[in-house]
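What you are looking at is a predicted structure, and each value in this text was computed from that prediction instead of being measured. In listed order, ligands and their atoms are each counted from 1.
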Amino acid sequence: MSKQIIVVGSGNAAMCAGIAALEAGASVLMLEKAGQDLAGGNTKYTAGAMRFAYDNIDDLLPLLKDPDDPRLTVTDFGGYTEAKFTEDLLGFNGGRPLSAEQARLVGGSLPAMQWLGGHGVKFEPIYSRQSFEREGRHVFWGGLTLAAENEGVGLFDMELAAFERLGGVIRYNSAVTALLTENGKVTGVMVGAEAISADAVILACGGFEASTKLRRDWMGGHWDKAKVRGTPMNTGDGLAMATDVGAQRYGLIDGCHATPMDLHMPDFANLDLPASERKNYRKICYFLGVMLNANGDRFVDEGENFRNYTYAQFGKAVLEQPGHFAWQIFDAKVEDLLYAEYRFHDAHFVEADTLEALCGLLDGVDAPAALATLRAYNAGVNSSVAFDPTRLDGKDTAGLPLPKSNWAQKLDTPPFKAYPVTGGITFTYGGLKVSDSGAVLKEDDSAIGGLFAAGEMVGGVFFEGYPGGSGLTSGAVFGRLAGAGAALTDSQG
Ligand SMILES: Cc1cc2nc3c(=O)[nH]c(=O)nc-3n(C[C@H](O)[C@H](O)[C@H](O)COP(=O)(O)OP(=O)(O)OC[C@H]3O[C@@H](n4cnc5c(N)ncnc54)[C@H](O)[C@@H]3O)c2cc1C
């Protein structure tokens, strides 16, 4: 008889785990806390962008929805080696060596994409956000090139179709509330008063980013002010259930992905908007201008690196400022380069023809100090280097207490615009420790029989930062592992 597997959650990690378990011959029941509209968790809120190691366009073509797109002949995708992916992760480790989980992510990234491709998931180049035009060619930058067709919603739809094609069953409105155990082995779950038995359970039910209490308790007081960018369902249920049966908490528990978001957006991502519009409260073009806090000071190097490598950290930096907000300032020269989210119908901004007038409009900001900062910034801009957003152009500033290292253009072309932002939490980095086969480990590093985990729930993958597009890939890599591991559950006890 085939193994009975329960997968908790229905995001990308859960889908990958479910598909892998079905492939290995198991029967799979997926239990999702949300109704059908909010099933798919954070995955559905994403742009579907996935980072993976590849040599050149030959690795990309088989993954594409439209390999005959004429733009491909005038596109430079470059390559993104495992060594570069590793280096990018190490850059955010705060001196920590590469973790075993990170090594798994890097090595498993291209195979996971090919595996998804084999299950009918189609991808498209991210021309609008990850490339710039130079001399008639589309030049990709930053190692992130593909997103699922129709972004996160498309990824969920394509994965759900593959899961159901293989015979998987999904139940909505079924929040798992506890794990059942017998002699230390997990034997099923409780959904409210209902007990459901299984040979193995895979937890893929997200982090604790949507729990104000857990954010405050585990990450610090100011995190209760954060906006929540994704699903309201990820309230740490899986972490609590696993630790209740002896699982080890692992990774950086106060680490998270957080980005600058519109200060006036709802506290939770606006569920009344179509999924394709929900990401429009994000505001991540700070690298084209500067950010000022309530004291009128800059507080990060806005041009430190490509925004893929800074956006997930700068939400935290904004949240740590007095009053937990900042203003992003741009001039008309970069208007055409600002992402569509700056033209979103509900984007908040002020506009003026002089910097002095603009500073007077920045609610909550010391206007004279802000004007002094902007004037000093303009005076510090290196005019001898040409602006080039396709690369780290080295167009920097001199003589400022905090430099801007790239893309530093003078704010000199009216009208000037300023957008108020705060920090929005995307997902948490701390979680559980898993073995090579995705089994959840106890404090002594032995496996809890019958219990597996994947996705945001796996700790040790991200620490003090995040190269954009790695979360979905992590879910696919660890989901595959957990699904295959769970299907073999008896052989490993
Ligand atoms: C706005 C936004 C944009 C993003 N963009 C990208 C991107 O482009 N690329 C990228 O790589 N990453 C992106 N991310 C991060 C990405 O969403 C996550 O890394 C990834 O989706 C996590 O997948 P997951 O399956 O672990 O969790 P989720 O997709 O969140 O799935 C968890 C599921 O578990 C369910 N659940 C929770 N508790 C229970 C319970 N008790 N019982 C049953 N079910 C439960 C939830 O309802 C949810 O469906 C983005 C995130 C957000 C919020």
Side-chain angles (χ1 to χ4, degrees), residues 6-18 30-52 105 109 126 129-130 144 146-148 151-152 155-156 159 170-179 189-192 201-211 227-241 256-259 261 268-270 275 277-282 284 308 311-312 315 341 424-429 431 453-458 461-462 466-476 478-479 482:
I6 286 176
V7 178
V8 185
S10 69
N12 169 61
M15 287 295 170
C16 291
M30 187 173 281
L31 298 172
E32 167 55 50
K33 180 179 184 177
Q36 201 162 353
D37 53 340
L38 285 189
N42 278 347
T43 298
K44 256 196 190 154
Y45 290 72
T46 72
M50 294 181 72
R51 178 175 295 266
F52 59 98
L105 167 63
S109 63
I126 316 170
R129 305 175 77 88
Q130 297 296 142
L144 181 59
L146 299 189
E151 306 194 329
L155 180 64
F156 171 77
E159 290 180 336
I170 179 166
R171 249 177 68 178
Y172 304 101
N173 299 307
S174 300
V176 171
T177 45
L179 296 170
V189 300
M190 296 299 294
V191 175
V201 174
I202 303 172
L203 295 171
C205 48
F208 59 92
E209 55 273 3
S211 165
K227 307 282 186 184
V228 177
R229 299 184 59 214
T231 177
M233 302 291 161
N234 289 359
T235 48
D237 307 357
L239 294 174
M241 287 185 268
C256 74
H257 180 303
T259 70
M261 300 293 288
F268 281 81
N270 43 330
E277 290 193 8
R278 285 177 202 153
K279 63 178 178 298
N280 283 336
Y281 284 114
R282 189 174 68 169
I284 57 171
N308 270 346
Y311 79 112
E341 62 215 30
I425 187 164
T426 319
F427 67 96
T428 45
Y429 293 159
E456 288 179 5
M457 300 202 55
V458 175
V461 188
F462 308 115
Y466 170 93
S470 305
L472 290 172
T473 312
S474 168
F478 287 93

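Every residue two or more places apart in sequence or in another chain that forms a side chain to side chain donor-acceptor pair (under 3.5 Å) with Arg171 is listed here: Ser174, Glu194. Qualifying salt bridge (Lys or Arg N to Asp or Glu O under 4.0 Å) partners for Arg51, counting only residues two or more places apart in sequence or in other chains: Asp88.
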| message | Walk me through whether Ile6 and Leu31 qualify under side chain to side chain contact (heavy atoms under 4.5 Å, CB included). | response | CA-CA 7 Å; Ile6 286 176; Leu31 298 172; 3.7 Å; yes
| task | Could you go through the side chain to side chain contact (heavy atoms under 4.5 Å, CB included) check for Phe427 and Arg229 one step at a time? | result | CA-CA 8 Å; Phe427 67 96; Arg229 299 184 59 214; over 6 Å; no
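The distance from atom NZ of Lys44 to atom CG of Leu155, rounded to the nearest 0.5 Å, is 11.5 Å.
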Listing, residues 9-18 side-chain donor-acceptor contacts under 3.5 Å, not counting sequence neighbours, or none:
| residue | atom | partner | partner atom | Å |
| --- | --- | --- | --- | --- |
| Ser10 | OG | Glu32 | OE1 | 2.8 |
| Ser10 | OG | Gly40 | N | 2.9 |
| Asn12 | ND2 | Leu472 | O | 2.8 |

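For ligand 1, the 4.0 Å heavy-atom shell contains residues Val8, Gly9, Ser10, Gly11, Asn12, Ala13, Leu31, Glu32, Lys33, Gly40, Gly41, Asn42, Thr43, Tyr45, Thr46, Ala47, Gly48, Ala49, Ser174, Ala175, Val176, Ala204, Cys205, Gly206, Arg229, Gly230, Met233, Asn234, Asp237, Thr426, Phe427, Gly455, Glu456, Tyr466, Gly469, Ser470, Gly471, Leu472.
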